[in-house]
*Asks:* 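Dropping a structure here in structure tokens format, bear with me for questions.
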Amino acid sequence: MLPYTEAANPITADIDISNPKEIVKKLEECDKEMFSPKGLDKEKTLFSEDILRAMVKVAEVAKKLIFQSDSGKSLIIMSGCGTSGRIAFMMARTFNRFLKLTEKKFAYTIAGGDQALFTSQEAPEDDRETGKNDLIKACEGRSQILYIGITCGLSAPYVAGQLNHCMENPEKFTPVLLGFNPVRLARDLPIYGWQKTFLKVAQELELLSEDDKAFLINPVVMGEAVTGSSRMKGGSMTKIILETIFLLSTAASDFSISECKKILKLYEETCKLFYESASNAVSSWMSWTAHSFNADGHLYYVGSNGAGVLGIIDATECPPTYGATLDDVRGFICGGYPEYENNEGDLGQLGENYRINSDDLAELLGRGPDAVKHDTLIIVAVGLTDPVLKELQENKKLGSSIKNVAGKDVAEKMKVGVVLLLEKDAQLPELPSFLSEIFVIRLPISDEVTPNTACSFLTSTGAERLKKSLFECCAKWFYNGTSTGAHVRKGKVYKNFMVDLKVSNQKLFHRSIGIIKRFSPGISEDEARNFLLRSIYEVDDVDMTLSSSSILTHIMAAAPKDKVVPTAIVMANRKCSFQESQRALSQFRIIRDALQKLTQIK
Ligand code: F6P
């Protein structure tokens, strides 16, 4: 059986031929599965007793570490690869800020280091030794550590190395595994230079969890809307679970499963409300963005605080998920690096795509209306005091640069819109008239479900924090929906598969074989692997030397190449040579059209 995180979701089977409104509806149905997946009686899901219990236990450990006076000896560290690492970073940032302690209690590691916060770094995911060393370094001088390893697929060797290190040093570490597959579906493939697989590590951890020496939080959330794209539900669920745990750990009174459930229910309500009120806006923005992409334009996001961080995260994921260029989607944050608070500080010297300040966006827009007329800009503001609103209202650097380029006529001017996330009774702020589209999402649905009333066990600042976190989820769903839908509309997705993926790590190598097999009727797994190798090495025969080379060798050969998987699919379908396949594909601009015309799949 395929792991749930790699499975195609039937809800989105025809997302590639859906219109924007239908796409949002499908995304909604998929997101709702985070809270109430159907037909999963035998699996653990979010509201299962075991999951809630594990969350409460982890919150108790966190509480101890946060509040004991230990002269800086304790640490809560989260870690992961890709989106999982980025959400780990965001949670460390959020809760260090929230607690305002002199000694930071929250930390993160991410495979590939801080560069991976801004550009995708896929290969380090496979490196369990670096994972272990990154953890050791991040924990220097600390003796009591809560470690949370995040891997949606229960698959990343980087995280396996860290979990294993924690289990070898139980006097120092309490390990937690956070992901979205049952243990039996954890990845059971060799990890370079190691005798253990992820499955083995997860089983060891499961055994320890029987005595509360480790914890497993792995609710099934069903397949992603775009198969395997764990930036969506996987990322959202990670954020929701971690926020719930840390809000509980800072609660004003004792807590148990029922308090945990109350917080999670607010997220569920928020998800419902978001789609009830924002679906039209998301479908409009996805259309405008697709229009931009088709005219070789770009999508930009700008926001402050968490909303700014999430925009940058969404943008960073588009190249690995959709083969987008680094410039296609970019995110910016008011205040830049000092606000971002990542471990390695300002990385702007690494290049244009590491410049994240809203002032950098202002400079980019300063190239003038003609240069950006096909672009789309989405400004996300949370509450009336959001700094990004000030930028606009006071006509600061960003505000005045937008004024010069924005307009109602999409063909002539840049499309600029504001998404305002406001409390139910908040007045609408005054905004300059050059902003063509203003869209408001209000929370909560009713007075019964405000963080203050439904979660009276939280401190007042905890309730405020929860409110912000709920708004941030809306921002994430907005960004994810817009960028996913726009790429779907651009023809980047075939059925609900991202077929033109980069074959840049072990997981993606195996995913590629699965995709080739699925779209090449009648071929076996071995044959699919063979077609993949033929495409990687641009040959028509795979000799013994090639076929017995390591996966690492294949990945290194494949990573810099384009259209590796589509080329293999066309070869397999048309029983043609590598050259013929490449020639056939070159006739098409859109990968979905190519595969539809060149294969027999209906
Ligand atoms: O390898 C690429 C990738 O799929 C990213 O897109 C994703 O965010 C990352 O791996 C992490 O995956 P997981 O959380 O399953 O370890």
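Indexing begins at 1, ligand by ligand and atom by atom, following the structure's order. On a predicted model such as this, the values are computed, not experimentally measured, just so you know.
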*Asks:* What is the closest protein heavy atom to atom 2 (C) of ligand 1, and at what distance does it sit?
*Replies:*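 Minimum-distance protein heavy atom for atom 2 (C) of ligand 1 reads E122 OE1, 2.6 Å.
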*Asks:* Parallel, tilted or perpendicular: which one describes the rings of F95 and F106, with boundaries at 30° and 60°?
*Replies:*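 Ring orientation, 0 to 90° scale: tilted.
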*Asks:* Could you tell me whether E204 and K200 make a salt bridge, using a distance below 4.0 angstrom between a side-chain N and a carboxylate O?
*Replies:*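 The answer is yes: the pair qualifies as a salt bridge.
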*Asks:* Could you say whether the N/O atoms of C152 and ligand 1 ever approach to under 3.5 Å?
*Replies:*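 The answer is yes, given that C152 and ligand 1 share an N or O pair closer than 3.5 Å.
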*Asks:* So which heavy atom in the protein is nearest atom 16 (O) of ligand 1, and how far is it from that ligand atom?
*Replies:*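 Minimum-distance protein heavy atom for atom 16 (O) of ligand 1 reads T151 OG1, 2.7 Å.
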*Asks:* Can a salt bridge be assigned to the pair K32 and E28 using a cut-off of 4.0 Å between side-chain N and carboxylate O?
*Replies:* yes
*Asks:* Between R355 and E352, is there a side-chain N and carboxylate O pair less than 4.0 Å apart?
*Replies:*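 Answer for the salt bridge query: yes.
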*Asks:* Under a 4.0 Å threshold between the charged nitrogen and the carboxylate oxygen, would K502 count as salt-bridged to E122?
*Replies:*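 So E122 does not pair with K502 through a salt bridge.
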*Asks:* Tell me the nearest of A116, A111, C81 to atom 11 (C) of ligand 1, using heavy-atom distances.
*Replies:*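 Selected option, by shortest heavy-atom distance: C81.
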*Asks:* Side chain, backbone, both or neither: which part of N505 has a heavy atom under 4.0 Å from ligand 1?
*Replies:*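 Answer for N505: side chain.
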*Asks:* Under 3.5 Å, is there a donor-acceptor pair between the side chain of K44 and the main chain of I51?
*Replies:* no
*Asks:* Select the closest option to atom 14 (O) of ligand 1 among P3, A160, S84, judged by heavy-atom distance.
*Replies:*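 It is S84 whose heavy atom sits nearest to atom 14 (O) of ligand 1.
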*Asks:* Of all the heavy atoms in P320, does at least one lie under 4.0 Å from an atom in ligand 1?
*Replies:*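 No; P320 lies far enough from ligand 1 that no heavy-atom distance drops under 4.0 Å.
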*Asks:* Taking the six-membered ring for Trp, are F118 and Y337 ring centroids under 6.0 Å apart?
*Replies:*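 Yes, ring centres under 6.0 Å apart.
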*Asks:* Starting from atom 4 (O) of ligand 1, what is the nearest protein heavy atom, named by residue and atom, and what distance separates them?
*Replies:*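 Nearest protein contact, heavy atoms only, for atom 4 (O) of ligand 1 is K507 NZ, 3.0 Å.
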*Asks:* Please state which protein non-hydrogen atom is closest to atom 8 (O) of ligand 1 and give its distance, to 0.1 Å?
*Replies:* T83 N, 2.8 Å
*Asks:* Does this structure show an ion pair linking E527 with R534, if we count only N-O contacts that are shorter than 4.0 Å?
*Replies:*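 Looking at E527 and R534, the cut-off is not met.
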*Asks:* Nearest heavy atom to atom 15 (O) of ligand 1 wins, so pick from A156, G153, P124.
*Replies:*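 It is G153 whose heavy atom sits nearest to atom 15 (O) of ligand 1.
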*Asks:* Say you draw a straight line from OG1 of T12 to CG of L27; how long is it, rounded to the nearest 0.5 Å?
*Replies:* 8.5 Å
*Asks:* Pull out every atom of ligand 1 sitting under 4.0 Å from any heavy atom of E125, numbered as shown with elements.
*Replies:*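 The list of qualifying atoms is 1 (O), 2 (C), 3 (C), 9 (C), 10 (O).
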*Asks:* Would you please determine whether R231 falls within less than 4.0 Å of ligand 1 on a heavy-atom basis?
*Replies:*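 Not so, R231 does not reach ligand 1.
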*Asks:* So, regarding R511 and ligand 1 (criterion: nitrogen or oxygen to nitrogen or oxygen, under 3.5 Å), is there a contact or not?
*Replies:*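 Such a contact does not occur with ligand 1.
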*Asks:* Should the proximity of E317 to ligand 1, defined as any heavy atom under 4.0 Å, be assigned to the side chain, the backbone, both, or neither?
*Replies:*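 Neither; nothing of E317 gets under 4.0 Å from ligand 1.
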*Asks:* How close do A107 and L75 get, counting heavy atoms only, and between which atoms?
*Replies:*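 Scanning both residues completely, I find the closest heavy atoms to be CB-CD1, 4.0 Å.
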*Asks:* Looking at atom 6 (O) of ligand 1, is any protein heavy atom nearer than 4.0 Å to it?
*Replies:* no
